[in-house]
S.K.: 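Structure provided below as structure tokens; questions to follow.
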Number of protein chains: 2
Amino acid sequence: MSTHQKLIDSARHLIQTRGYNGFSYADVAEEVQVRKASIHHHFPAKSDLARAVVEQSRAVIVEQTRTLGGGAFDPVEQLRMYTGYWEKCIADASAPFCVAGMLASELPTLPTDLAQEVRAHFRDLSNWLEIVMTRGAQLGRFELQGSARQEAEAFMAMVYGAMLAARAYGDPTVFSDIVASGLKRLAPAGAS
Amino acid sequence: MSTHQKLIDSARHLIQTRGYNGFSYADVAEEVQVRKASIHHHFPAKSDLARAVVEQSRAVIVEQTRTLGGGAFDPVEQLRMYTGYWEKCIADASAPFCVAGMLASELPTLPTDLAQEVRAHFRDLSNWLEIVMTRGAQLGRFELQGSARQEAEAFMAMVYGAMLAARAYGDPTVFSDIVASGLKRLAPAGAS
DNA sequence: CGTTACCTACCTTCTAGTAGGGTGATATAA
DNA sequence: TTATATCACCCTACTAGAAGGTAGGTAACG
């Protein structure tokens with residue numbers, strides 16, 4: 001793997017565990033085994049590095065949203081895959097927090113270009129969720145309380161809140177339990 | 001007000017907006033108009049100051065829980081008061097985030113004594129919520145999906161997730177909307 | 001020969017924290 | 001009622017280390 005990508009991966013891991021204000025170029029340099037100045041060669045400023053991390057995350061979501069265009073997908077299964085992904089990440093501690101969620105909490109301290117990227121990530125994610133919610137309601141799989149948009153925001157909030165709770169308790173099962181109850185509430189007859 | 005209390009209040013505000021790793025004694029010194037060394041006189045280490053902040057927050061919750069002992073309270077009203085408090089704080093930007101929530105996201109980077117205090121705050125809060133949930137179920141005001149404990153954790157996660165979403169979008173109404181839908185789901189016939 | 005990647009060496013600014021001194025109030029002892 | 005000791009409080013001045021970032025050089029490669 002290229003040094004460029006190694007730097008991004010290292011930064012992602014550090015942001016997930018320590019936040020933007022909690023890691024330094026020295027940390028990345030040690031993880032990737034290069035000198036600090038080499039990181040500046042690839043990413044002149046710290047915000048450039050963090051922005052690259054968020055951009056890659058966004059690309060994944062946008063790609064996911066694109067594949068939903070056809071309309072032939074199971075909404076319940078989509079949500080389960082999404083939450084299941086994080087369940088696994090949190091359980092094995094490989095990625096104990098969504099990078100955008102972490103950065104969102106630090107938003108007032110972030111450089112403006114990075115802050116914009118983080119906001120865009122949230123828009124992307126809730127767009128994707130809105131499509132899934134709409135489809136789920138059409139198919140009669142979801143019992144929506146409000147609009148699809150509102151349900152999307154509420155679901156997103158629950159997932160991020162569950163991450164925070166799991167971190168606070170130091171217990172991955174907290175995340176699983178909260179998310180399971182949220183899914184159950186959304187899709188009472190939730191057979192996949 | 002005593003300098004001691006002014007320092008705590010300033011630190012609370014700074015943690016809420018910038019996080020533990022995002023503020024320094026220099027920031028507090030400027031807000032309170034004293035010298036850095038004077039802060040060290042009251043709080044030798046940064047974690048001592050942050051710990052005092054969380055301790056005061058915990059005291060409020062514990063007091064709230066104590067008054068619930070009698071059993072003569074309206075569960076729906078209790079939850080509305082809780083969420084309404086944050087709604088107001090977020091709307092007027094006076095306290096745009098719960099201090100413990102902010103610290104929880106940074107938990108892996110915190111000094112151990114402070115981390116313990118943050119975990120204790122979450123226990124206190126979910127204990128209070130569990131009592132409210134139990135009482136609400138007994139009175140037939142809440143439709144619980146799982147145990148009172150699980151519902152308490154889920155509700156807490158929703159509130160913190162809603163704070164994060166509101167910050168990400170820079171829009172206080174996001175918090176209100178998410179929390180309103182959560183309350184509605186919990187208490188469908190939610191007349192106070 | 002220019003570009004890419006990486007390096008050593010350095011700079012400035014900020015960080016938490018320390019050492020030690022001055023002041024004013026309060027308690028104590030003559 | 002003084003003289004004195006103690007204390008809380010706040011200050012100036014300083015430290016060592018870490019922060020993000022720069023300057024300028026070397027080596028490989030097309």
Side-chain angles (χ1 to χ4, degrees), chain A residues 1-54 99 102-103 106-118, chain B residues 1-54 99 102-103 106-118:
Chain A
M1 197 196 309
S2 68
T3 300
H4 191 88
Q5 188 58 44
K6 275 189 207 162
L7 293 172
I8 293 176
D9 290 346
S10 170
R12 159 166 294 115
H13 179 247
L14 283 164
I15 291 173
Q16 283 168 339
T17 52
R18 309 180 52 87
Y20 184 77
N21 294 316
F23 87 100
S24 72
Y25 267 33
D27 297 324
V28 177
E30 211 205 321
E31 275 200 16
V32 181
Q33 287 294 319
V34 290
R35 302 296 134 185
K36 274 196 321 171
S38 307
I39 309 176
H40 282 286
H41 169 71
H42 292 277
F43 304 98
K46 195 185 177 185
S47 68
D48 295 323
L49 175 55
R51 202 147 39 79
V53 171
V54 181
V99 73
M102 198 68 207
L103 292 174
E106 303 177 277
L107 210 67
T109 71
L110 301 182
T112 53
D113 58 337
L114 177 57
Q116 264 189 307
E117 199 68 28
V118 171
Chain B
M1 197 197 307
S2 67
T3 301
H4 191 88
Q5 189 57 44
K6 275 189 207 161
L7 293 172
I8 293 177
D9 290 345
S10 171
R12 159 165 296 116
H13 179 246
L14 283 164
I15 291 172
Q16 283 169 338
T17 51
R18 309 181 52 86
Y20 184 78
N21 294 317
F23 86 101
S24 72
Y25 267 33
D27 297 324
V28 178
E30 212 206 322
E31 276 199 15
V32 181
Q33 287 294 321
V34 290
R35 302 296 133 188
K36 275 195 320 170
S38 306
I39 308 175
H40 282 286
H41 169 73
H42 292 277
F43 304 98
K46 195 184 177 185
S47 69
D48 295 323
L49 175 54
R51 204 148 38 79
V53 172
V54 181
V99 73
M102 198 68 207
L103 292 173
E106 304 178 277
L107 210 67
T109 71
L110 300 182
T112 54
D113 58 337
L114 177 56
Q116 264 189 307
E117 200 68 28
V118 172

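In the text below, chain A, chain B and the rest are named by the order of the sequence lines, each starting its count at 1. These values consider heavy atoms only, across backbone and side chains, with no hydrogens, waters or symmetry-generated copies.
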S.K.: How bent is the helix from C/dT13-D/dA18 to C/dA30-D/dT1, comparing axes over its five end pairs at each side, to the nearest 10°?
M.R.: 20°

S.K.: What string of B, S and - do you get for nucleotides 12-30 of chain D 5' to 3' if you count protein non-hydrogen atoms under 4.0 Å?
M.R.: B------SBBBB-------

S.K.: Hey, where on DNA chain C does chain A first and last touch, going 5' to 3'? Cut-off is any atom under 4.0 Å from a heavy atom.
M.R.: C/dA5 to C/dT8

S.K.: According to ring pair (Phe, Tyr, Trp, His ring centres under 6.0 Å), who are the partners of A/His4, at least two apart in sequence or on a separate chain?
M.R.: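 Scan of A/His4 (ring pair (Phe, Tyr, Trp, His ring centres under 6.0 Å), adjacent residues dropped) gives A/His42, A/Phe43.
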
S.K.: Quick check on contacts: within residues 4-17 of chain B, what sits under 4.0 Å from DNA chain C by heavy-atom distance?
M.R.: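 Under 4.0 Å from DNA chain C: no residue of residues 4-17 of chain B.
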
S.K.: Starting at NE2 of B/His41 and ending at P of D/dC7, how long is that distance when rounded to a whole Å?
M.R.: 13 Å

S.K.: Using a 3.5 Å cut-off and no angle test, enumerate the donor-acceptor pairs between side-chain atoms of residues 7-17 of chain A and protein atoms at least two apart in sequence or in another chain.
M.R.:
residue, atom, partner, partner atom, Å
A/Asp9, OD1, A/Gln5, NE2, 3.0
A/Ser10, OG, A/Glu31, OE1, 2.9
A/Arg12, NH2, A/Val53, O, 2.9
A/Arg12, NH2, A/Ser57, OG, 3.0
A/Gln16, NE2, A/Phe97, O, 3.4
A/Thr17, OG1, A/His13, O, 2.9
A/Thr17, OG1, A/Leu14, O, 3.3

S.K.: Could you work out, with side chain to side chain contact (heavy atoms under 4.5 Å, CB included) as the rule, every residue matching B/Ala45, not counting sequence neighbours?
M.R.: B/Ser47, B/Asp48

S.K.: Does any pair with a residue in residues 35-44 of chain B pass salt bridge (Lys or Arg N to Asp or Glu O under 4.0 Å), and if so which ones, sequence neighbours excluded?
M.R.: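 For residues 35-44 of chain B: none.
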
S.K.: Counting only pairs under 3.5 Å, give me each side-chain donor-acceptor contact of residues 107-115 of chain A, with atom names and distances, residues two or more places apart or in other chains.
M.R.:
residue, atom, partner, partner atom, Å
A/Thr109, OG1, A/Asn21, ND2, 3.0
A/Thr109, OG1, A/Glu106, O, 2.8
A/Asp113, OD2, A/Arg51, NE, 3.1

S.K.: Keeping to residues at least two apart or across chains, list the ring-ring contact (aromatic ring centres under 6.0 Å, His included) pairs with something in residues 16-38 of chain A.
M.R.: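 Of all non-adjacent pairs touching residues 16-38 of chain A, those that pass ring-ring contact (aromatic ring centres under 6.0 Å, His included) are A/Tyr25-A/His40.
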
S.K.: To the nearest 0.5 Å, what is the distance between OG (A/Ser24) and CZ (A/Arg18)?
M.R.: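 It comes to 8.5 Å.
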
